[in-house]
Every structure is written in C-alpha cells, then in structure tokens.
Amino acid sequence: TACSSKYVLSQMHPMWQGPLVVPGGDRQSPIDIVVRKSIFDSKLKPLVTKYDPHTCQQIWNNGYSFLVEYDDTTDKSTLQGGPMEDKFRLCQFHFHWGETNAWGSEHTVDKKLFPAELHLVHWNSDKYSLFEEAVMEDNGLAVIGVFLKVGKRHEGLQKLVDALPAIRHKNSVVEFNRFDPGCLLPTNTDDYWTYHGSLTTPPLTESVTWMIMKQHIEVSHEQLAVFRSLLFTSAEEDMQKSMVNNFRVQQPLRGRAVRSSFN
Ligand SMILES: COc1ccc(C[C@H]2SC(=O)NC2=O)c(OC)c1
Ligand SMILES: [Zn+2]
C-alpha cells in the first residue's frame, strides 16, 4: 500500500537518522516526555481502535525496520477518539529497537529508555483520500507509540517473530495475513501522552499527532533477539549489517505542550 516508506533515503545521513535538525522544523519527533511538565486535559477521549485482522497484507524489510502493512483502501481498520476529531485508517505498523536491551525506543519518559518501541501508523481518511496526501498535512497522520519491555514472552507477537527469518534482507517481502495489531496494544489504552510532531525518518514531515501509551507491553529477550537478526543490507551487498539502533536522536520541544489523558 502507499503508506510504506518508498522514499529514497538521503545518502549523506545514516539511514534512519535523517537530517539531525530539520531547518525551520519546530515540531520534530521523537522527544523526551517530561511527566511533571505534561498537562492533564480532561477533554482527551479514550482511543477507539477497530482493527480487522483480514486487512493484513504483507510483512517486509524496508532497510531500516520491518513493516506489517494493511489494506487501507477502505475504513476496515480504524482509529478514532483520543485528541482527534476525525477517523484515521491503519496503514502499517513497525518497530524501533537497540543492539542491547539498554536502549532502542525513540521516545523516552523522564529520560527513561525502553528496549524497543512499536509505532501503529494511521492517516486521516475523513479529510484525505490517500496516505501520500495526508502525510503532507499537519492533521494528516496519527501514530500510536507503545513501549516494549523485556519480560515474559508475548504470544501474539510470536506469529510476527516467526516470519522474520524470511525477510532477513532489505527489500524482502513475505505474505502475511490474519494478524490483529490490537493484540500488541497494552490492556490500558485510556492513559496516554499526546503531542504534535513528525515522522521520525525522512521526509520528517510535521504531520503526526502522537499518542504515546503510558502502559508498556512485555516481550521476551529471545523475541527481541530475532528483531536484531534482521539486516539493514540486501542479499546482494557483501557487507551484512545487523538491523539495530534504528531510532532517531531526540528533537527539541520548541515550546510544544505535551498533554496527558490521565491525572
Ligand atoms: C513517506 O512516508 C513515511 C516515511 C517514513 C515513515 C516511517 C517513520 S514515521 C514513524 O512513526 N516511524 C518511522 O520510522 C512512514 O511511516 C508511516 C511513512
Ligand atoms: Zn516509527
């Protein structure tokens, strides 16, 4: 689907870092969430996700993460509520992780790093007809961020982990159907922080309403180790590079408010 990141990464910057600071960018992501500075907003509604597992299409290695892509030609898998007025369509989800469990997430909470972070990417289908259009608009995208911690094995994630060896190299794709991304959400999705930010890889467009879940999910050390067995490089390249540390450096807040849906 269109929402996969089929853009050419600029050569002068490491692939996922992109330009360290975007000229004139005053709403860049990721950021550190300073809990005591977040503002409780009672108008923030619970998130309402309605995901149809049958809209799952494929899983592929795009050279900086692995993406699970959904058919976003209808409103079958949607997100609404939260700070949003409109309905958003799920187009893909992916992860960011480190080479060790000590770091890997893009966002942090009071500077606390997590070993990985899940991003569920949606676009505003009330206002736009294609992902490509929405990605250019300041109310175009909504991304749910979920922190991963190392602990017990995540049964729902295992189906995904089992597919990873088939997409070890960049640009490898494998058919993947019937996966419910809802199983990756924490039990509590009412408590989150929200702020206006950007994509965390090129083109870094400032079109994302972020919702970072307060509650993390747990995955096993072995499951994360399979993430790290993926490669940034394609089968043709002779230098094989492990896909690890695929997160962007944190960006200045530039006076933005981070609101919380909970007290
Ligand atoms: C041109 O469209 C794009 C470009 C980049 C990404 C991926 C970024 S955005 C995020 O939250 N994390 C990431 O790694 C994307 O994702 C939908 C869509
Ligand atoms: Zn991401």
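Note that ligands are numbered from 1 as they come in the structure, with each ligand's atoms numbered from 1 the same way.
Within the structure, the closest approach of W210 to ligand 1 falls below 4.0 Å when heavy atoms are considered. Using a 4.0 angstrom heavy-atom cutoff, E132 does not count as in contact with ligand 1. The closest approach between a heavy atom of S65 and any atom of ligand 1 is not below 4.0 Å. Contact analysis leaves R248 out of contact with ligand 1, as no non-hydrogen atom separation drops below 4.0 angstrom. For the ligand labelled ligand 1, residue C91 lies outside the 4.0 Å heavy-atom shell.
For ligand 1, the atoms closer than 4.0 angstrom to any heavy atom of T200 are 9 (S), 10 (C), 12 (N), 13 (C), 14 (O). Close contacts between ligand 1 and V121 involve ligand atoms 17 (C) [criterion: under 4.0 Å to a heavy atom]. Numbered from 1 in the order shown, with element, the atoms of ligand 1 that lie under 4.0 Å from a heavy atom of H96 read 12 (N), 13 (C), 14 (O). Interface atoms of ligand 1 facing P202, defined by a heavy-atom separation under 4.0 Å, are 4 (C), 5 (C). Close approach of ligand 1 to P203 is summarised as follows: ligand atoms under 4.0 Å from at least one heavy atom of the residue are 1 (C), 4 (C). Taking a cut-off of under 4.0 Å to the non-hydrogen atoms of L199, the atoms of ligand 1 that pass are 3 (C), 4 (C), 9 (S).
The closest side-chain donor-acceptor pair between H169 and E236, if any, does not fall under 3.5 angstrom. Looking at E69 and Q57, their side chains never bring a donor and an acceptor atom within 3.5 Å of each other. Side chains of S172 and N61: a donor-acceptor N/O pair is absent below 3.5 angstrom, by distance only.
Contact record, R256 with H196: NH1-O, 2.9 Å, taken as the closest heavy-atom pair.
The heavy atom nearest to atom 8 (C) of ligand 1, considering only N62, L141, L204, T201, is found in T201.
Ring geometry for H216 against F114 counts as tilted: the plane angle lies between 30° and 60°, on a 0 to 90° scale. Taking the six-membered ring where the residue is Trp, Y51 and H122 present parallel rings, their angle staying beneath 30° rather than reaching 60°.
Of the residues listed (T74, T55, D75, T73), the one engaging R89 in a side-chain hydrogen bond (donor to acceptor under 3.5 Å, both in side chains) is D75, and it is the only one. Considering F40, W193, Y192 as possible partners of F262, the one that fulfils the ring pair (Phe, Tyr, Trp, His ring centres under 6.0 Å) test is W193. For the ring pair (Phe, Tyr, Trp, His ring centres under 6.0 Å) with F95, the qualifying choice from F247, Y64, F147, F66 is F66, the only one to do so.
Between the CD1 atom in I31 and the CD atom in E106 there is a gap of 12.0 Å [rounded to 0.5 Å]. Note that SG of C56 is 13.0 Å distant from NZ of K76, once rounded to the nearest 0.5 Å.
For the Zn ion (ligand 2), the set of protein N/O/S atoms nearer than 2.8 Å consists of H94 NE2, H96 NE2, H119 ND1, ordered by chain and number.
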Check: Does the pair K112 and D110 meet the rule for a salt bridge (charged side-chain N to carboxylate O under 4.0 Å, His left out), with working shown?
Finding: CA-CA 5 Å; K112 178 183 167 51; D110 290 342; over 6 Å; no
